[in-house]
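Heads up, the thing below is written out as structure tokens.
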Amino acid sequence: MSLNEEVECLRNIPMFANIEPSKLKLLAFTSERHAYNEGEFLFHQGDEGDSAYIIVDGEADVIINTDDGPLTIAHFKKNTIIGEIAILTDVPRTATVKATTRVDTMVISKELFFRLVMEFPQIAIEIMRELAKRLEATNARVRELSAA
Amino acid sequence: MTRSESSPAGTLPGPETPGYQPNVPLERSIFRFIMKYSKRQQLVVLALTFISWPIIYLTLELPKAIIDQAIGQQEGWARDVLGAEMEQITVLMVLSFGFLFFVILSGSIKYVLNVYAGRLGEQMLRRLRYMLYSRILRFPLPHFKKVSQGEIIPMITAEVEPVGGYIGTATSTPMYFGGLLLVYLGFIFAQDVFLGLAATALYPLQIYIIPKLQKKVVDLGKKRVKEVRLLADNIGESIGGVADIHANDTSIYEKASIARRLDRIYNIRYEIFRRKFAIKFLNSFMAQLTPFFFYAIGGYLVITGDMTIGALTAVLAAYKDLSSPWKELLNYYQLQADIKVKYEQVIEQFDLPNLFDESLQMTDDTGPASLGGTLDVANLAYAEDGQSKTIDGATFSIGLAKHTAVVGASGSGRDELALLLARLVKGTGGRIDIAGKPINGLPESFTGRHFSFAGSAPYLFSTSLRENLVYGLRHRPVQMPEYADSEKSERDRYISDARASANIDADPDADWLDYEAAGIGDRSALDQKCLDYIRLVDLGDDLYQFGLRGTIDPEDRPDLAEAVLKARVALHQRLAEANQSALVEPFDQAKYNSNATVAENLLFGTPASDALDIERLAEHPYVREVIRRAGLSDPLLKTGIKLAETMVEIFADLPPGHAFFDQFSFFGSDEMPDYQQLLARTSGQSPTEMRVDDRLRLRSLSLKLIPSRHRLGLITEDIQEKVLRVREMFAEGLPKDLQGAVEFFDPNRYNRAATLQDNILFGKVSYGEANAATKLALMIGDVLDSLSLRDAVMIAGLEYSVGVAGARLSAAQRQKVNIARCLIKRPELLVVNEGISNLDGAAQRRVLDAVLKEMRGRGVIWSLHRPGFARNFDHVLVLKAGKVAEQGAFSELDKSGSALQELLKSE
């Protein structure tokens with residue numbers, strides 16, 4: 001897959017959707033590609049998080065450990081970003097991610113991400129916007145739940 | 001050993017070397033040095049000089065006879081020569097050939113004399129340098145805190161150099177030219193006594209004045225030598241502290257200091273040559289003063305008729321001959337004064353009190369096989385010159401087979417005690433007895449084999465790890481090298497020349513390793529022994545990595561090369577079985593490797609010499625030609641343009657110097673404007689219109705592309721196909737000068753230019769696979785273990801070059817290597833002074849335990865910087881202010897109020 005396709009992939013992710021293509025190109029060019037075989041783990045719950053993953057191809061399960069054992073709570077497909085919380089703040093991984101097919105990812109390391117944000121504040125604004133949207137969605141959900 | 005018996009090649013250093021004497025004092029004056037070591041040779045020089053005098057006289061006398069007697073006579077004249085009547089022409093011929101004969105003879109004697117004297121000078125220089133070097137090995141250790149390398153090295157290398165040249169001519173020059181002068185003078189006096197007196201009238205004045213002027217020059221010369229030493233010292237300090245100079249922005253200050261030093265040297269040198277030229281002026285003035293008298297007085301006598309004009313011209317001609325030897329004598333005098341100072345200035349730096357007794361270094365007495373009994377220290381005192389005592393009346397007695405910890409605060413004398421017990425410094429009072437013998441009387445052949453010493457900053461020699469490990473086994477040559485008959489005569493020459501200069505004649509190429517001391521039979525078991533100790537000091541993983549990253553010569557180690565090929569097959573098999581083949585992209589002659597650069601794909605091999613540089617492959621004429629023939633020139637150029645455009649597009653907005661440039665870009669931020677201009681310049685140009693260097697630059701750029709890493713989609717299938725064609729053509733038409741410059745990738749061959757790891761991998765680690773390097777490292781380890789190759793790889797790692805003073809190892813690694821070096825000779829007593837202080841806490845514990853276990857039943861004295869470790873020892877000495885404050889078992893001392901507990905608390 002070439003750089004241009006990777007840029008396309010990034011544009012499909014809401015967090016990056018409004019960022020200039022040339023910046024996305026830089027982000028894509030400076031990120032690494034990691035492929036995982038079926039059954040391999042991208043990371044485990046409780047690990048220290050140092051990078052975010054964008055699934056370029058394949059599918060993965062999100063699993064959390066409960067008192068009753070592991071529980072799959074979500075299933076990610078192509079063009080999703082995983083673990084982005086970890087690169088924004090210092091929390092351990094909140095879930096385990098396991099490849100259910102062969103998975104190809106773009107890896108954006110925390111260091112790389114921060115360097116980009118510092119260099120191009122516009123990226124930060126877009127991310128704030130996205131985070132605010134998510135917060136609003138969560139609030140709406142809370143309101144819904146409390147109303148119900 | 002048979003060979004060493006047939007020639008004297010195997011003699012050990014020591015009393016049996018002919019002419020060897022220990023502790024020879026240095027001669028403080030160069031004349032005594034010359035007389036003591038070259039009296040006989042100087043006599044030969046004198047004899048040759050004496051022989052030359054009459055011959056020189058004849059070469060002067062014959063031309064006169066030719067002119068007066070043969071040419072100047074009437075025609076038809078004949079005379080008796082040696083009883084035979086001869087024609088004039090015959091006489092002329094006889095005399096002329098006689099002249100020729102004596103000229104050749106005198107020239108030959110001069111040649112023999114020069115060669116002999118030159119050789120003598122070189123022998124004496126060699127002797128002097130060797131003596132000075134031997135002295136360094138006898139300096140008391142504290143002296144090295146006062147003098148730097150920078151001062152000592154130039155003394156032995158540069159400063160004594162002219163001394164050698166001088167010694168060869170020390171007697172021959174004054175005798176030869178003095179004699180010549182006498183011959184010429186005799187000739188002049190024979191012509192006319194009065195004129196002879198006139199010619200030499202000014203000599204007494206010159207002899208009186210010149211030394212007076214010379215003295216000042218000599219003094220300046222002394223100052224110059226001192227200043228140059230300080231300069232060397234300054235430069236040495238700057239090199240030693242170069243990181244600190246950068247870190248503190250003091251380069252300007254250092255340059256200023258050096259500039260002042262240079263100014264002083266400049267001033268001294270300027271003063272010296274001003275004075276030298278003044279002396280020269282005076283000399284030549286006086287030399288011309290004499291002819292002035294000849295013209296004035298001689299001319300007057302000719303005019304008044306008291307002298308013939310012929311006599312005057314003859315004397316003038318003779319005087320001309322006279323001035324050259326006189327000048328040589330004066331030059332000699334200047335040289336002699338200069339050398340005398342140089343010699344004395346060097347010697348005084350080496351004539352120190354308290355030198356180690358050389359006879360203790362040179363004997364072969366190794367003492368008993370093992371040490372028993374006790375180490376007794378009584379009233380031991382130690383102070384470095386003039387300073388207060390750091391050890392002050394220490395008295396204790398410990399078993400030599402016991403493990404003793406020495407603890408104490410810094411300044412308690414802990415460090416000094418360790419040095420004293422290892423006999424590296426001598427006490428200034430009291431005594432140390434080892435098994436009843438005073439330690440100061442033990443030869444180094446005893447202490448160096450029974451004791452090991454590990455300090456905190458061990459020195460590693462700039463050679464391989466293996467050589468450093470076995471350094472402690474190199475006491476004496478044990479097995480002479482096998483010399484072919486043709487080499488034997490060279491070896492014999494070496495010995496006789498070494499002896500002529502009182503140098504040691506032992507052969508550095510001999511096998512010096514004391515296998516017995518290491519507890520092994522011969523060399524074959526040595527590597528395994530090294531591994532055992534490397535593992536003991538916790539260095540096994542590091543050594544394994546050195547091995548994997550090192551290269552081997554398959555001709556030296558065919559077994560290992562073959563085994564590596566097996567590992568290669570096994571690794572790829574294992575990868576396939578584990579469904580992990582994607583981790584490595586193997587080299588395949590028929591396939592483009594998308595994890596390698598275009599350059600690597602072109603070459604399809606590893607550069608094995610300097611003839612090809614993979615970074616600058618596009619510049620090589622042969623590579624350019626092959627690329628052109630394969631039709632790859634234009635595609636590469638277009639790719640280069642696209643790549644440059646992409647880089648400019650992506651990186652243009654980043655500020656210059658941003659970390660991304662180094663990490664990701666194909667060119668640095670400083671080159672960005674260059675490439676922007678280049679793109680502007682070449683846009684719309686056809687390849688042929690472009691500048692040659694632009695084309696080269698763009699093609700070089702595209703050669704750096706790695707498709708799976710950069711993912712720019714620029715390496716199209718067309719390019720890949722063409723690259724494969726270039727690959728084939730490159731190898732087929734390889735010109736002669738590149739034969740052997742590339743080790744081509746071949747699945748069935750060991751690649752001698754590549755590392756062991758690359759040979760096992762035989763491919764490129766995939767960029768796109770998660771954690772590929774870690775997974776592969778584990779797998780390689782498994783494969784090597786399954787083939788029992790881990791040890792062989794580690795042994796290959798013993799070739800690792802440790803760099804200058806071990807700089808390619810970390811401080812902790814250096815300490816570990818040193819501990820292994822100490823243990824490998826199986827000492828009876830191991831003295832350690834903070835020898836593992838740079839290791840991390842857990843590793844210290846592991847190494848300490850392992851060392852004590854290894855040394856069970858043999859003595860250990862360990863000066864500990866962490867008193868808590870004393871728990872593991874049989875006996876603990878607590879030092880306080882240079883005295884033993886308390887001693888006993890750890891459990892006895894570990895009670896409230898004890899000095900030990902105080903130390904433990906402050907830890």
Side-chain angles (χ1 to χ4, degrees), chain A residues 1-10 19-44 47 50-51 53 55-58 60 82 97-99 102-109 111-123, chain B residues 575-585 594-595 639 642-667 669 672 704-717 719 765-775 778-779:
Chain A
M1 177 179 281
S2 80
L3 197 65
N4 291 332
E5 290 166 303
E6 287 174 10
V7 171
E8 261 328 291
C9 179
L10 285 173
I19 295 172
E20 277 177 58
S22 75
K23 303 290 174 292
L24 288 184
K25 230 176 193 176
L26 180 62
L27 180 61
F29 187 67
T30 51
S31 66
E32 281 184 37
R33 289 285 287 270
H34 282 176
Y36 295 84
N37 283 335
E38 183 185 335
E40 281 188 333
F41 294 92
L42 277 69
F43 50 78
H44 293 270
D47 284 355
D50 54 2
S51 39
Y53 298 79
I55 298 185
V56 175
D57 199 15
I82 315 174
V97 175
K98 183 182 178 185
R102 188 168 157 88
V103 169
D104 202 356
T105 64
M106 265 168 78
V107 184
I108 300 170
S109 73
E111 194 209 342
L112 184 75
F113 184 74
F114 271 104
R115 279 185 189 278
L116 273 179
V117 170
M118 281 203 308
E119 218 46 71
F120 307 112
Q122 185 228 340
I123 298 182
Chain B
L575 282 167
E577 281 162 17
N579 215 7
Q580 298 274 23
S581 289
L583 294 179
V584 190
E585 187 178 1
S594 64
N595 284 291
T639 307
K642 276 188 218 148
L643 178 55
E645 279 169 355
T646 313
M647 288 302 109
V648 168
E649 181 196 346
I650 295 182
F651 288 98
D653 289 347
L654 285 173
H658 195 278
F660 280 179
F661 281 105
D662 280 352
Q663 258 177 296
F664 300 105
S665 177
F666 283 75
F667 41 80
S669 55
M672 181 64 91
K704 289 184 189 162
L705 267 170
I706 303 172
S708 75
R709 178 180 166 199
H710 299 117
R711 316 182 304 267
L712 294 171
L714 292 175
I715 304 299
T716 58
E717 280 192 9
I719 292 181
V765 178
S766 295
Y767 278 99
E769 295 299 309
N771 310 318
T774 327
K775 285 180 189 167
L778 281 174
M779 266 195 186

Report summary line: Nearest heavy-atom contact between B:Asn579 and A:Asn37 is O-ND2, 3.4 Å
Query raised in the report: Got a sec: does the NZ of A:Lys98 have more than 12 other heavy atoms crowding it under 6.0 Å?
Result: no
**Report entry** B:Tyr767 to A:His34 - nearest heavy-atom pair and separation
**Finding:** O-CD2, 4.3 Å
Query raised in the report: From B:Leu654 CG over to A:Leu116 CG, what is the distance, rounded to the nearest 0.5 angstrom?
Result: 8.0 Å
Query raised in the report: Would a 4.5 Å heavy-atom cut-off, applied to side chains only, mark A:Leu26 and B:Phe664 as touching?
Result: no
Report task. Begin with the C-alpha distance, continue with both residues' side-chain angles, and end with the deciding distance and a verdict on side chain to side chain contact (heavy atoms under 4.5 Å, CB included) for B:Asp653 and A:Glu119. Result -> CA-CA 9 Å; B:Asp653 289 347; A:Glu119 218 46 71; over 6 Å; no
Requested in this report: Mark yes when over 12 heavy atoms from residues, nucleotides or ligands other than A:Glu40 sit less than 6.0 Å from its CD; otherwise mark no.
Outcome: yes
Query - Straight-line distance of B:Arg709 CZ to A:Arg33 CZ, nearest 0.5 Å - result: 14.5 Å
Query raised in the report: Under 3.5 Å, side chain of B:Arg711 to main-chain N/O of A:Glu5, donor-acceptor pair present?
Result: no
Query raised in the report: Heavy-atom distance under 4.5 Å to chain B: side chain of A:Leu42, backbone, both or neither?
Result: neither
**Report entry** Nearest atoms (heavy-atom pairs only) where B:Glu769 meets A:Ala35
**Finding:** OE2-CB, 3.4 Å
Query raised in the report: In terms of the angle between their ring planes, are A:Phe29 and B:His710 parallel, tilted or perpendicular, with boundaries placed at 30° and 60°?
Result: parallel
